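Written below as structure tokens is the structure these notes are about.
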Amino acid sequence: MTAAKLKTYRKLLEERRDALLDVHEKSAESRAPVELDQTTQGRLSRMDALQVQAMALETDRRRELEIQRINHALERIDAGEFGYCITCGEEIESKRLDYDASAPTCIGCAH
């Protein structure tokens, strides 16, 4: 893989990570504990708030996993191992990396 292509992938990965971190910061309020005081809100409102909180927590968990994948891909770039499957060692097709630069495996090992 050329140095220019690696630089492009690094830039894409860093931009995606920064965007995810920005969303994480902005969505902190939706993950906050739900107020359970019955004098301020009814039972259905609390149930709705709990459901919204649970969805926000799951979304955040998935966001954190994607950030980890991106960080691992950046580490592979630094180690000179980017673009090679972590399972079989074969080169990952550029179409796959263009779609998801954080992909750690080739199509064959992903299944």
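This structure is a prediction, so every number in the text was calculated from the model and none was measured.
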**OP:** Kindly write out the residues that satisfy side chain to side chain contact (heavy atoms under 4.5 Å, CB included) with Glu91, not counting sequence neighbours, or none if the list is empty.
**Re:** Tyr84

Original post:
Can you name the residues that form a side chain to side chain donor-acceptor pair (under 3.5 Å) with Arg69, not counting sequence neighbours?
Top reply: Asp100, Ser102

Original post:
For Ile67 and Arg17, which heavy atoms make the closest approach, and how far apart are they?
Top reply: CG2-CG, 4.2 Å

Original post:
Partners of Tyr9 by side chain to side chain donor-acceptor pair (under 3.5 Å), sequence neighbours excluded?
Top reply: Asp98

**OP:** Heavy atoms only: give me the nearest Cys88-Cys106 pair and the separation to one decimal.
**Re:** SG-SG, 3.8 Å

Original post:
For Glu90, what residues pass the salt bridge (charged side-chain N to carboxylate O under 4.0 Å, His left out) criterion, not counting sequence neighbours?
Top reply: none

Subject >> Partners passing side chain to side chain contact (heavy atoms under 4.5 Å, CB included) against Thr105 (at least two apart in sequence or in another chain) >> reply: Cys85, Ile86, Thr87, Arg96, Cys109, Ala110

**OP:** First locate atom CD of Gln68, then atom CG of Asn71, and finally report the distance between them rounded to the nearest 0.5 Å.
**Re:** 8.0 Å

Original post:
How many angstroms lie between NZ in Lys95 and CD1 in Ile107, if you round to the nearest 0.5 Å?
Top reply: 11.0 Å

Subject >> Residues that Glu14 engages under side chain to side chain donor-acceptor pair (under 3.5 Å), provided they are two or more places apart >> reply: none

**OP:** Please say whether more than 12 non-hydrogen atoms of neighbouring residues, nucleotides or ligands are located less than 6.0 Å from CD in Glu64.
**Re:** yes

Subject >> Note: Arg61-Glu58 ion pair, threshold 4.0 Å (strictly below) >> reply: yes

Original post:
Are Arg10 and Leu6 close enough, and set up right, to give a side chain to side chain contact (heavy atoms under 4.5 Å, CB included), and what steps lead you there?
Top reply: CA-CA 6 Å; Arg10 176 183 291 282; Leu6 279 174; over 6 Å; no

Subject >> salt bridge (charged side-chain N to carboxylate O under 4.0 Å, His left out) assessment of Glu15 paired with Lys11 >> reply: CA-CA 6 Å; Glu15 287 174 355; Lys11 184 178 181 200; 3.8 Å; yes

Subject >> Euclidean distance, Arg63 CZ relative to Leu21 CG, rounded to 0.5 Å >> reply: 9.5 Å

Subject >> Check: Leu20 main-chain N/O paired with His24 side-chain donor or acceptor under 3.5 Å >> reply: no

